[in-house]
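What follows is a set of notes on a single structure, which appears directly below.
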Amino acid sequence: LNTIVYAQKAADISTLSEKTLHTILEKNRAYYTQGKVADYIPELGKMDAKAIAFSVVDKNGKVFNTGDVNKKFTMQSISKIISLMVAVNEKGEAHIFDKMGYFGSDKPFNHFSNLETTGKPLNPMMNAGAILTTSLIPGDGEKPFLKILDMVRYITKNSSIDYNKSVYESEKSTGHRNRGMFYIMKNSGLISGNEDQLDNYFKQCSIELTAEDLAKIGYFFANQCVRFDGDATYKNADMAKLVESQMLTAGMYEFSGEYSRTVGLPSKSGVGGGITVSVPGKIGIGVFSPALDQHG
Ligand code: GLN
């Protein structure tokens, strides 16, 4: 938390340097001992708990990196902000949010929340809403996933990004809760397709990238969907506001309220150990540390 608050100040005084980042990282290095690598997806259990990386894209799109910056990890739930953007781009906000809420949450990411009562997921950040969001992206088979992957490649300007097949297989063969949510929503008519749509969700979670890529994603939503190099193909202030509002109210699941109070920046976590942070109108931050707290 100190790391991010410090970075927010740095964004104001624009004296960012790799040395500053390195100092912050070293101060925070020992915190991994307070966490645990996710192992409910067996492949994730193989992550190095001690790995740590920290990346910032400043207001001018300049990249600062420190730590294990070349280490790749899966973006997991961070992919949910990308799928939300793709779905809203194609179908419009009204269509997507007719089927789910804008609610914050006091429940873990994989909670069934009110699927049984009102039928609708609370928001597109928890698994249920994210699985539904991906199912609403037009296209057969793998196509919706490829649209998400293309958007990640565009935002990061990194065409080598792909998904990790072993993590995908691992999620697919053990994601019974997610499969349960998928079929409850199919039963209530919210989802109309077949299990390819659930596979697309597992694939998007398995997209592999680095802390630098996450910082570029943070920058993109912090700056009205303009890319770090100034490319404005997707410039859309309202889209950025929608995504940032979801990050702020539900991006850290049941910890979102406390996180808003202490850090106060739109952020999205993933159980692969990444967090993307947007400092609105300013910078993007990407952090990587796979040892998670109890909120994932
Ligand atoms: N793929 C993970 C899951 O569905 C994503 C969860 C997360 O990152 N919080 O369980």
Side-chain angles (χ1 to χ4, degrees), residues 35-47 49 72-84 100 104-113 115 121-135 144-145 148-149 152 162-185 191 195-209 211 213-214 217-218 243 246-256 259 266-277 286-296:
K36 201 177 163 298
V37 171
D39 56 7
Y40 76 98
I41 298 168
E43 273 296 306
L44 290 186
K46 297 180 180 167
M47 303 279 307
K72 287 186 184 169
F73 51 92
T74 53
M75 66 191 300
Q76 296 297 334
S77 280
I78 300 167
S79 66
K80 294 169 181 174
I81 57 179
I82 311 293
S83 49
L84 175 61
M100 67 188 82
S105 172
D106 60 352
K107 298 283 189 298
F109 61 86
N110 58 2
H111 200 271
F112 279 71
S113 63
L115 287 191
L122 287 175
N123 58 59
M125 296 294 106
M126 289 171 71
N127 287 10
I131 291 166
L132 176 54
T133 300
T134 296
S135 83
F145 160 69
I148 297 167
L149 179 62
V152 174
D162 211 336
Y163 73 105
N164 179 316
K165 314 261 175 329
S166 324
V167 174
Y168 161 67
E169 292 295 344
S170 190
E171 286 215 47
K172 184 178 160 74
S173 59
T174 58
H176 308 305
R177 271 188 88 88
N178 288 332
R179 192 162 284 108
M181 288 174 196
F182 179 85
Y183 280 105
I184 287 182
M185 290 187 284
I191 287 181
E195 249 191 69
D196 286 349
Q197 296 184 326
L198 180 63
D199 286 345
N200 286 329
Y201 168 77
F202 290 138
K203 282 181 187 161
Q204 75 181 67
C205 289
S206 308
I207 293 174
E208 230 176 7
L209 36 58
D213 296 318
L214 289 187
I217 293 172
V243 172
Q246 275 301 308
M247 290 164 79
L248 193 66
T249 53
M252 311 299 276
Y253 311 115
E254 74 275 25
F255 193 66
S256 300
Y259 186 89
S267 305
K268 185 74 209 80
S269 63
V271 293
I275 301 181
T276 285
V277 186
V287 290
F288 168 54
S289 169
L292 309 177
D293 70 3
Q294 73 272 29
H295 310 292

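Remember, it's 1-based here, ligands and their atoms both numbered in the order they're listed. Quick caveat, the model's predicted, so the values are computed rather than measured.
- Exactly one of Asn164, Leu209, Val271 qualifies for a side chain to side chain contact (heavy atoms under 4.5 Å, CB included) with Phe73. That residue is Leu209.
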_Does Gln294 form a side chain to side chain donor-acceptor pair (under 3.5 Å) with Glu254? I'd like the steps, not just the answer._
CA-CA 10 Å; Gln294 73 272 29; Glu254 74 275 25; over 6 Å; no

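- Considering only heavy atoms from C-beta on, Leu115 comes within 4.5 Å of Pro121 through its side chain.
- Between the side chain of Lys80 and the main chain of Met125, a donor-acceptor pair closer than 3.5 Å is present.
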Starting from the N and O atoms of ligand 1, find every protein N or O within less than 3.5 Å and list the pair with its distance.
| residue | atom | partner | partner atom | Å |
| --- | --- | --- | --- | --- |
| ligand 1 | 1 (N) | Gln76 | OE1 | 2.5 |
| ligand 1 | 1 (N) | Glu171 | OE1 | 2.7 |
| ligand 1 | 1 (N) | Glu171 | OE2 | 3.2 |
| ligand 1 | 4 (O) | Asn127 | ND2 | 3.0 |
| ligand 1 | 4 (O) | Asn178 | ND2 | 2.9 |
| ligand 1 | 4 (O) | Tyr201 | OH | 2.7 |
| ligand 1 | 8 (O) | Ser77 | N | 3.1 |
| ligand 1 | 8 (O) | Ser77 | OG | 2.7 |
| ligand 1 | 8 (O) | Val271 | N | 2.9 |
| ligand 1 | 9 (N) | Ser77 | OG | 2.9 |
| ligand 1 | 9 (N) | Tyr253 | OH | 3.0 |
| ligand 1 | 10 (O) | Tyr40 | OH | 2.7 |
| ligand 1 | 10 (O) | Asn127 | ND2 | 3.4 |

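- Although no hydrogens or angles enter the test, the distance criterion places no donor-acceptor pair under 3.5 Å between the side chain of Asn178 and the main chain of Met181.
- Residue Ser166 comes nearest to Glu43 through the heavy atom pair O-CG, 3.4 Å, listed as atom of the first residue, atom of the second, then distance.
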